[in-house]
Structure formats: C-alpha cells, structure tokens
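Just so it is clear, the structure is predicted and the values come from calculations on it, not from any experiment. In listed order, ligands and their atoms are each counted from 1. For the single chain, residues carry numbers from 1 onward in sequence order.
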Amino acid sequence: MKRIVILISGRGSNMEALVEACAREAWSARVAAVISNRADAAGLAYAAARGIATAVVEHRAYADREGFDAALAQAIDAHGADLVVLAGFMRILTPGFVQRYAGRLLNIHPSLLPAFPGLHTHRRAIEAGCKLAGATVHYVTAALDHGPIVAQAVVPVLSGDTEHTLAARVLASEHRLYPMAVRWAVDDALLTADGVVRQRDGAPQLLL
Ligand code: GRF
C-alpha cells in the first residue's frame with residue numbers, strides 16, 4: 001500500500017478529486033497526509049473531515065527557501081511518503097528538495113506545457129489567441145513548470161471566454177486528468193526515457 005502525501009496552498013479541489021478517486025477505485029495506495037504552507041488553505045478542512053492527517057508548514061516562518069524546504073521534507077517524510085503530489089501548491093521548490101523526491105514528485109499545471117509556464121495561464125492563452133487550452137501533469141524538476149510530461153488534457157477556448165470561464169473548463173479537466181496520472185504512478189505504470197514518459201500499457205496519455 002503506497003503512501004501519497006498531497007501538498008496544497010488553497011482550495012484543494014484537485015486534492016479532493018484525488019482522495020475521491022483513490023477511495024472509489026480502491027487504489028493500492030492511501031492519502032497519508034495533506035500538507036499546506038498556509039493555515040487558511042480551504043482544502044485542509046476537507047482532508048481533516050475525511051480523517052486524513054493534515055499539517056501546516058508556514059513558509060513565512062522560515063528565513064529562506066532552504067529552511068522551509070527542509071521543514072517541509074521533514075513533515076512529508078514523517079508520513080513515509082512514496083509519492084508527493086503537488087495540487088495547487090504555490091511555492092517554488094529548491095533543487096535539493098526536488099532531487100530528494102526525484103521520480104516521485106508530480107505537479108499539475110493549468111496549461112499545455114511547455115506553453116505558458118508560471119502564473120495567469122488562462123489570461124495569457126486568451127490573449128495569445130489560442131484555440132486550445134488544457135492542463136499538464138508532469139514530474140517536477142528544478143526548472144519551474146518543466147519536467148517530463150505524464151499526461152495532458154485538452155479543452156477548447158471558446159469565443160467569448162474570459163479567464164474565469166476558461167479556468168473553470170480547464171479545472172474540470174484537471175479533476176479527471178490528475179487522478180488518472182497519479183494512479184499510474186501508484187501502479188508503477190510510468191516509464192521515463194530521454195525525458196519522455198510512456199504509460200507501460202500504452203494507455204492514451206491525452207484526455208480530449
Ligand atoms: C489548479 O488549476 C492547478 O492546476 C494549479 O492550481 C490550481 C489549484 O486548484 N496548479 P485547486 O487548489 O486544486 O482547487
């Protein structure tokens with residue numbers, strides 16, 4: 001039974017989707033803890049109500065990123081994490097932290113990477129006139145919003161979309177995409193070669 005630790009900073013809707021899929025599909029894993037860098041992250045209440053251990057590691061309590069990441073790693077390791085899943089975790093991680101969890105650290109980003117890393121992805125996609133948008137699950141490397149792509153979901157950009165309507169459409173796709181990808185990681189069904197991730201059984205790594 002693998003142990004998943006999920007890191008959040010806010011709402012936690014992706015975390016909820018993961019917790020629910022894990023239970024519904026009887027993954028050979030359990031969500032061992034949900035950890036936030038903010039005490040006011042709304043998702044913490046959901047996790048606690050589901051009987052999942054929660055912890056807060058306040059980034060503001062540390063003088064530098066190294067100090068924060070060391071405390072965060074300690075909190076993660078206290079739960080014996082096999083997989084560390086970032087779900088709306090709004091901190092840049094140090095290379096040392098990323099290295100510690102190499103190959104078992106996943107993130108979801110609300111764009112079709114490598115397009116639009118960073119913030120305000122939906123606004124930027126609309127401003128660029130994109131007709132497609134989406135979300136990407138990737139292994140985390142030291143470069144922000146880069147790293148081998150595990151799976152992507154694609155949605156249309158509709159005329160009249162605002163960043164809010166587009167964000168809502170992308171978020172709905174994230175809630176299908178992230179459980180699919182994390183389950184593959186749980187099942188050791190992901191193979192990475194030359195920076196490219198393949199699903200062992202040839203399952204489509206694209207949600208349309
Ligand atoms: C999602 O859009 C995710 O892709 C991004 O931050 C947002 C988090 O939303 N990294 P939630 O906290 O999971 O509801």
Side-chain angles (χ1 to χ4, degrees), residues 4-24 31 33-50 52 54-59 72 83-93 97-98 101 105-126 130 132-157 161-185 197 205-207:
I4 303 170
V5 169
I6 304 178
L7 306 188
I8 65 169
S9 294
R11 181 177 53 187
S13 69
N14 276 291
M15 176 269 297
E16 281 188 34
L18 291 167
V19 167
E20 281 165 23
C22 182
R24 187 178 61 240
V31 178
V34 173
I35 300 175
S36 175
N37 63 310
R38 298 178 57 112
D40 62 357
L44 289 171
Y46 170 88
R50 294 288 299 239
I52 297 168
T54 62
V56 175
V57 183
E58 278 273 9
H59 62 274
L72 185 61
L83 267 181
V84 181
V85 175
L86 309 182
F89 186 67
M90 302 299 285
R91 300 298 302 167
I92 292 173
L93 298 163
F97 182 95
V98 169
Y101 300 104
L105 182 58
L106 291 169
N107 183 43
I108 188 161
H109 181 76
S111 79
L112 294 173
L113 291 174
F116 308 123
L119 297 175
H120 309 302
T121 55
H122 308 299
R123 187 196 310 165
R124 288 156 63 204
I126 290 170
C130 293
L132 287 175
T136 303
V137 176
H138 64 97
Y139 283 111
V140 177
T141 59
L144 179 70
D145 297 330
H146 279 77
I149 291 172
V150 173
Q152 291 185 307
V154 172
V155 301
V157 181
D161 260 342
T162 64
E163 62 179 307
H164 302 293
T165 57
L166 180 56
R169 191 175 308 120
V170 171
L171 189 66
S173 78
E174 292 181 45
H175 295 161
R176 295 192 297 135
L177 181 71
Y178 216 3
M180 178 181 88
V182 172
R183 187 177 187 174
W184 286 336
V197 184
Q205 289 160 265
L206 172 65
L207 286 183

J.: Suppose we measure from atom 12 (O) of ligand 1 to each protein heavy atom; which comes out shortest, and what is that distance?
T.: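 Nearest protein contact, heavy atoms only, for atom 12 (O) of ligand 1 is Gly12 N, 2.8 Å.
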J.: For Ile126, is there any backbone N or O sitting under 3.5 Å from a side-chain donor or acceptor partner on Glu163?
T.: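 Judged by distance alone, no pair lies under 3.5 Å.
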J.: Can you tell me the protein heavy atom closest to atom 5 (C) of ligand 1 and the distance?
T.: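 Nearest neighbour among protein heavy atoms for atom 5 (C) of ligand 1, to 0.1 Å: Pro110 CD, 3.9 Å.
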J.: Judged by atom type as modelled, is there a donor-acceptor pair below 3.5 Å linking the side chain of Thr136 to the main-chain atoms of Leu113?
T.: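 Yes, because the side chain of Thr136 sits within donor-acceptor range (under 3.5 Å) of the backbone of Leu113.
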J.: For atom 2 (O) of ligand 1, what is the closest protein heavy atom, and at what distance to 0.1 Å?
T.: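 Among all protein heavy atoms, the one nearest atom 2 (O) of ligand 1 is Glu174 OE2, 2.9 Å.
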J.: CG/Asn14 to CG/Asn107 distance, rounded to the nearest 0.5 angstrom?
T.: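 That separation rounds to 9.5 Å.
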J.: Closer than 3.5 angstrom, by distance alone: can the side chain of Arg169 be matched with the main-chain N or O of Pro156 as a donor-acceptor pair?
T.: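 Yes, Arg169 side chain to Pro156 backbone: donor-acceptor pair under 3.5 Å.
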J.: Evaluating non-hydrogen atoms only, which member of Gly88, Ala42, Ser13, Ala41 is closest to atom 11 (P) of ligand 1?
T.: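 When every heavy atom of Gly88, Ala42, Ser13, Ala41 is considered, Ser13 comes closest to atom 11 (P) of ligand 1.
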J.: To check your reading of the model: name the closest protein heavy atom to atom 10 (N) of ligand 1, its residue, and the distance in Å.
T.: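 The protein heavy atom lying closest is Ile108 O, 3.1 Å.
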J.: Mark yes or no for whether Thr121, through its side chain, and Pro110, through its backbone, hold a donor-acceptor pair below 3.5 Å.
T.: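 Side chain of Thr121 to backbone of Pro110, a donor-acceptor pair under 3.5 Å: yes, one is there.
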J.: Starting from atom 9 (O) of ligand 1, what is the nearest protein heavy atom, named by residue and atom, and what distance separates them?
T.: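 Ranked first by proximity to atom 9 (O) of ligand 1 is Arg11 NH2, 3.0 Å.
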